[in-house]
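Input: a single structure, listed below in structure tokens.
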Amino acid sequence: MFLELSIITLLLGILFVFVYLKTIKEHIRYWTLMGRLPTIVNKRFLLGHAGIFIGLTPEQGWSLARRVLKKATTPILTCYVGPFLVAVCVMGPEELEAAIGSMKNLEKCEVYFFLKRWLEQGLLTSAGPKWQKRRKILTPAFHFSILLDFIDLFNKEVDNFVNGVEANHLDQPVDVTPLISDYTLLTISETSMGTKLDLQTQEGRNYKKAVDDIGKVVYERIVAPWLWYPRIFDLSSFRKVEYRSLKILHSFTDNIIKKRSENFKTFDEDFENSYTKRKYPLLDILLNTKFKHNSIDDRGIREEVDTFMFEGHDTTAASLNFTTMLLANHAEIQQVYQEIINILGTDLSTKPTYADLQQMSLLESLRLYPPVHIVGRTSSEEITTKYGIIPKGALLVTFIYDLHRNPKYWPDPEKFDPSRHLPENSVGRHPFVYIPFSAGPRNCIGQRFAMLEMKAFFCGVLRKFKLEPVDTPETIVLIQHIILKAKDGVKVKFVLRNKQ
Ligand code: HEM
């Protein structure tokens with residue numbers, strides 16, 4: 001008996017030492033490889049590179065980050081957040097393709113953890129089989145055929161926007177941010193959620209404010225290494241703001257789900273196991289998956305509704321804001337739209353020339369102002385690059401804003417020039433130098449929805465108004481937030497094209 005016990009203890013001991021040594025070996029390899037990668041200069045004791053952002057306002061933080069990245073001489077760079085955390089900035093197209101272009105490295109990085117109390121394990125933040133299953137069932141919700149059904153709803157909301165501007169904001173500087181954010185919030189809710197919202201209520205206003213507050217908290221966490229630790233964060237004043245915001249955000253989406261569930265009738269589709277040609281809105285797919293197949297629960301539905309209400313409105317709103325400003329500053333491009341609209345009317349689906357032209361300005365606007373200006377992953381295995389080996393388990397970060405303004409890939413990068421995207425001007429351009437919707441299997445599921453919604457918007461707005469500049473690319477102040485934002489909004493002037 002004693003001998004048996006001794007043998008078992010010995011074996012367990014050997015196993016423990018083996019596992020421990022393996023972990024230590026992996027640790028040593030991780031830090032050795034990290035140490036060999038090029039790094040950003042100007043590191044602070046203990047706080048690492050994050051130290052240079054301490055005490056800065058979001059706008060100062062934003063411009064400092066741009067200056068630091070502009071000085072980079074290699075597309076791979078390490079950046080230390082405190083003594084124990086290091087991010088690898090992946091800023092070159094070849095390296096980026098290796099990092100995000102395949103089914104490897106699909107897991108998001110630690111920064112997304114800051115969104116988890118809100119979005120939990122929704123499509124944006126989840127990983128592994130859960131992400132794969134959800135992506136499969138939700139992909140049909142963005143099929144082209146259902147998007148075409150949404151056009152009438154987009155047009156109706158554009159009409160409301162146009163009427164609101166005509167009644168209240170003509171011929172004077174107006175910040176388009178709140179007006180556009182209403183447009184995108186109403187459309188995502190009416191289309192994907194099948195629910196009409198009333199944003200004039202306190203509830204609607206609170207929701208928009210809570211989204212903004214959460215964004216500010218996320219920024220504060222990113223730049224303060226100690227707030228990366230949940231226990232310390234929970235003791236900070238930011239936790240109170242987060243708590244208050246989460247209550248508002250979750251109750252808002254609970255109400256959307258409740259409303260849609262009330263008269264919901266199941267239908268005969270199994271999105272998990274078969275491909276269907278008939279298309280349904282997102283919330284109906286989720287409710288059917290719950291009521292008919294019992295393979296998603298209420299919490300699962302809410303995390304997706306939270307994810308899509310946020311991703312589906314804030315991103316598109318940011319892009320519409322910046323594009324409106326760019327068009328106001330480039331009267332020659334508005335002229336082209338006007339001529340085309342005069343000839344072709346509003347038919348969005350069958351006029352490729354018209355669609356191409358709109359696409360081009362939108363593409364250039366998304367280059368200069370990519371709403372999702374940063375994306376991150378965790379490496380699931382080592383990645384070999386010309387600049388060294390990125391270890392397994394590394395936090396990978398790509399600053400899309402800076403990639404899109406790198407003069408190596410975009411000559412005269414600050415210039416708004418839609419013709420860059422003409423096929424003849426794109427020959428030989430690496431596809432990964434332009435990634436407003438990210439790339440690879442975890443790219444944006446809503447990109448076609450967003451493009452159509454934006455086209456509908458400009459089609460309606462430019463037929464009615466001439467846009468005149470108030471803010472310019474030189475005067476707006478960009479800030480660090482979850483989504484790219486202008487600190488004081490984006491102001492333009494709407495002038496009626498045909499004054500009676
Ligand atoms: C101009 C508008 C938009 C831009 C620039 C944009 C950009 C992006 C980017 C860059 C990502 C990757 C994020 C990451 O890896 O962290 C992403 C993911 C995502 N987007 Fe969008 N997006 C836009 C509109 C939309 C819309 C309208 C929806 C929904 C209706 C949407 C839903 C999502 C979702 C759910 C994900 C996560 C996908 C996954 O991980 O499988 N987005 N988007």
Side-chain angles (χ1 to χ4, degrees), residues 90 96 99-101 103 105-115 119 121-128 130-139 141-143 146-147 150 153-154 180-181 183-193 218 281-283 285-286 303-323 359 362-378 395-401 403-404 432 434-458 482-484:
V90 183
L96 198 51
I100 67 170
M103 287 302 281
N105 315 318
L106 288 183
E107 201 175 312
K108 298 291 173 75
C109 67
E110 276 95 331
V111 179
Y112 293 75
F113 181 81
F114 304 155
L115 293 170
L119 308 179
Q121 300 270 320
L123 200 66
L124 180 72
T125 40
S126 60
K130 178 164 182 173
W131 169 77
Q132 248 164 345
K133 180 177 145 188
R134 293 274 174 89
R135 180 93 189 192
K136 184 170 179 211
I137 67 168
L138 295 178
T139 294
F142 296 95
H143 191 275
I146 189 161
L147 297 185
F150 291 163
L153 287 170
F154 292 152
I180 286 180
S181 148
Y183 164 69
T184 57
L185 202 47
L186 289 166
T187 49
I188 185 69
S189 179
E190 235 176 300
T191 53
S192 292
M193 308 301 161
V218 169
L282 180 125
L283 184 50
I285 292 179
L286 291 166
E303 59 198 11
E304 295 307 349
V305 174
D306 275 321
T307 298
F308 281 86
M309 283 301 291
F310 163 60
E311 277 284 320
H313 105 269
D314 219 21
T315 46
T316 320
S319 187
L320 287 174
N321 289 340
F322 291 119
T323 313
Q359 187 106 337
L362 292 172
L363 293 182
E364 180 64 346
S365 166
L366 284 164
R367 179 185 72 81
L368 283 168
Y369 300 101
V372 181
H373 55 93
I374 178 172
V375 287
R377 297 284 174 83
T378 303
L395 191 162
L396 310 172
V397 179
T398 297
F399 295 92
I400 299 179
Y401 180 93
L403 176 70
H404 284 185
F432 280 69
Y434 182 73
I435 52 160
F437 293 105
S438 186
R442 282 212 87 156
N443 67 354
C444 175
I445 195 173
Q447 59 183 289
R448 284 198 293 203
F449 179 104
M451 289 308 260
L452 214 53
E453 183 183 10
M454 294 196 286
K455 285 177 196 174
F457 180 83
F458 286 115
I482 311 178
I483 301 290
L484 184 63

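Positions are given from 1 along the sequence. All ligand and atom numbering here is 1-based and tracks the order in the structure.
Residue contacts with ligand 1 for Lys108 involve side-chain atoms from C-beta outward but no N, CA, C or O (heavy atoms, distance under 4.0 Å). Using a 4.0 Å cut-off between heavy atoms, Leu124 contacts ligand 1 through both its backbone and its side chain. Residue contacts with ligand 1, taken as heavy atom pairs separated by less than 4.0 Å, do not involve His313 at all.
Residue-ligand proximity: Met451 is placed with every non-hydrogen atom at 4.0 Å or more from ligand 1. Using 4.0 Å as the threshold, Ser192 has no heavy atom nearer than that to any atom of ligand 1. Using 4.0 Å as the threshold, Pro370 has no heavy atom nearer than that to any atom of ligand 1.
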Worked check of side-chain hydrogen bond (donor to acceptor under 3.5 Å, both in side chains) between Thr187 and Glu453: CA-CA 8 Å; Thr187 49; Glu453 183 183 10; 2.6 Å; yes
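Between Trp131 and ligand 1, at least one N/O pair is under 3.5 Å apart. Polar contact with ligand 1: absent for Asn443 (N/O pair, distance under 3.5 Å). Where the criterion is an N or O separation shorter than 3.5 Å, residue side chain and backbone included, Ile188 fails it with respect to ligand 1. For ligand 1, the polar-atom distance check against Ser319 finds no nitrogen or oxygen pair separated by under 3.5 Å. The distance criterion of under 3.5 Å between nitrogen or oxygen atoms is met by Glu311 with respect to ligand 1. No N or O atom of Arg377 sits closer than 3.5 Å to an N or O atom of ligand 1.
Counting atoms of ligand 1 from 1 in the listed order, those under 4.0 Å from a heavy atom of Pro371 are 5 (C). Remark: ligand 1 atoms within the under-4.0 Å shell around heavy atoms of Phe449 are 27 (C).
Taking the ring centroids of Phe457 and Phe154, they lie at or beyond the 6.0 Å cut-off.
Looking only at protein heavy atoms, the nearest one to atom 8 (C) of ligand 1 is Cys444 CB, 3.6 Å. Of the protein's non-hydrogen atoms, the one nearest atom 38 (C) of ligand 1 is Arg135 NH1, 3.5 Å.
For the pair Arg442 and Glu107, the salt-bridge criterion is not met [side-chain N within less than 4.0 Å of a carboxylate O].
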